[in-house]
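Input: a single structure, listed below in structure tokens.
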Amino acid sequence: MDSYDYDIIIVGSGLYGAVTAWRAREKGLRCLVLERRSDVGGNVRDKMTEGINVHLYGAHIFHTDNEQVWSFVRRFSDFNSYVHTVIARNADRYYHMPVSLMTFHEIFGTMRPDDIPCILAAEREKEYYPNPENLEQKAVSLIGRTVYDLLIKGYTEKQWGRAAT
């Protein structure tokens with residue numbers, strides 16, 4: 001076997017690729033990991049910026065009830081006890097995410113679950129696409145223009161760098 005022979009070639013150094021490479025090496029396999037980015041770690045990569053540990057692609061939230069998985073990941077890092085709550089801001093107002101009864105209360109003023117189907121039906125009466133051609137039309141048909149404009153459109157376009165249409 002020369003220096004260019006590998007038992008396994010892994011594309012991507014995110015969680016899946018890193019764990020696959022680690023496990024393969026434990027079994028004595030020769031691995032080549034190909035990564036297009038300049039750093040490894042995929043979307044769970046951090047970067048120290050002015051002494052602050054910045055999560056480049058959002059918070060790293062890991063949870064499992066599988067003790068075998070916990071045993072494995074604790075070999076590499078300490079974990080904090082953390083409960084994640086997402087609050088979205090649009091202009092000067094804040095909304096709970098993902099969309100829940102609390103979100104409907106913040107937008108439409110209701111705390112009754114039975115009101116939600118009526119609210120969504122009224123939203124669909126204003127604007128509905130029976131054969132949506134893009135994400136915006138599909139989302140508006142499902143959740144209405146109000147929720148879409150407040151909570152989905154801006155985030156989606158920022159995240160993907162392109163119009164939701």
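Side chains are part of it too, since the values below use all heavy atoms of this structure and drop only hydrogens, waters and symmetry mates.
Side-chain contact between Y155 and M97 is absent, with no heavy atoms from C-beta onward closer than 4.5 Å. Residues D115 and F108 form no side-chain contact, since every pair of their non-hydrogen atoms from C-beta on lies 4.5 Å or further apart. You'll find the side chain of W70 stays beyond 4.5 Å of the side chain of D65, heavy atoms only.
R93 approaches E106 most closely through the heavy-atom pair NH2-O, 2.5 Å. Annotation for R45 and V40: closest pair CD-O, 3.0 Å, computed over non-hydrogen atoms. Here the shortest heavy-atom pairing between A21 and C31 reads O-SG, 3.9 Å. Nearest heavy-atom pair across N43 and Y57 is O-CB, 3.4 Å.
Between the side chain of S141 and the main chain of Q137, a donor-acceptor pair closer than 3.5 Å is present. Under the 3.5 Å distance criterion, the side-chain polar atoms of T103 are left unmatched by any main-chain donor or acceptor of Y95. Listed for the E35 side chain is a donor-acceptor partner under 3.5 Å among the backbone atoms of S13. With hydrogens and angles ignored, the 3.5 Å screen pairs a side-chain donor or acceptor of E157 with a backbone N or O of A164. D46 contributes no side-chain N or O that, together with a main-chain N or O of N53, makes up a donor-acceptor pair within less than 3.5 Å.
Both I116 and L150 belong to a common hydrophobic cluster when Ile, Leu, Val, Met, Phe, Trp and Tyr are linked at side-chain heavy-atom distances under 4.5 angstrom. L120 and Y128 end up in different hydrophobic clusters when Ile, Leu, Val, Met, Phe, Trp and Tyr side chains are linked at under 4.5 Å. Taking hydrophobic clusters as Ile, Leu, Val, Met, Phe, Trp and Tyr residues chained together by side-chain heavy-atom distances below 4.5 Å, I107 shares a cluster with L101. Linking ILVMFWY side-chain heavy atoms closer than 4.5 Å, directly or via other members, places V69 and V19 in a single hydrophobic cluster. The hydrophobic clustering, which links ILVMFWY residues whose side-chain heavy atoms are closer than 4.5 Å, places L34 and L15 apart.
More than 12 heavy atoms of other residues, nucleotides or ligands lie within 6.0 Å of CZ in R74, so this atom counts as buried by the packing criterion. Counting heavy-atom neighbours within 6.0 Å of F62 CZ, excluding the residue itself, gives a total above 12. When the shell of 6.0 Å around CD of Q68 is examined, it contains 12 or fewer heavy atoms from other residues, nucleotides or ligands. Summarising the local packing, OH of Y16 is surrounded by 12 or fewer heavy atoms from other residues, nucleotides or ligands at distances under 6.0 Å.
Here OG1 of T156 is found 10.0 Å from CG of L151. Values are rounded to the nearest 0.5 Å. Interatomic distance, CD1 of I87 versus CZ of R89, reported as 12.5 Å (0.5 Å rounding). For the atom pair CZ of R25 and CZ of R30, the computed distance is 8.5 Å after rounding to the nearest 0.5 Å. Separation of atoms CG (L142) and OH (Y148) is listed at 12.0 Å; rounding is to 0.5 Å. Between the OG1 atom in T85 and the NE2 atom in H96 there is a gap of 7.0 Å [rounded to 0.5 Å]. The distance from atom CD1 of I143 to atom CD of E123, rounded to the nearest 0.5 Å, is 9.0 Å.
Classification of the H55-H60 ring pair by plane angle, with boundaries at 30° and 60°, yields perpendicular.
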Worked check of side-chain contact (heavy atoms from CB on, under 4.5 Å) between T64 and V73: CA-CA 11 Å; T64 181; V73 299; over 6 Å; no
The test is side-chain contact (heavy atoms from CB on, under 4.5 Å); show your working for F104 and V99 and say whether it passes. CA-CA 7 Å; F104 274 83; V99 176; 3.5 Å; yes
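With sequence neighbours excluded, no residue forms a salt bridge (Lys or Arg N to Asp or Glu O under 4.0 Å) with R124.
Salt bridge annotation for R75-E26: present, with a cationic side-chain nitrogen under 4.0 angstrom from a carboxylate oxygen. Under the 4.0 Å criterion applied to side-chain N and carboxylate O atoms, D149 and K153 are not assigned as salt-bridge partners.
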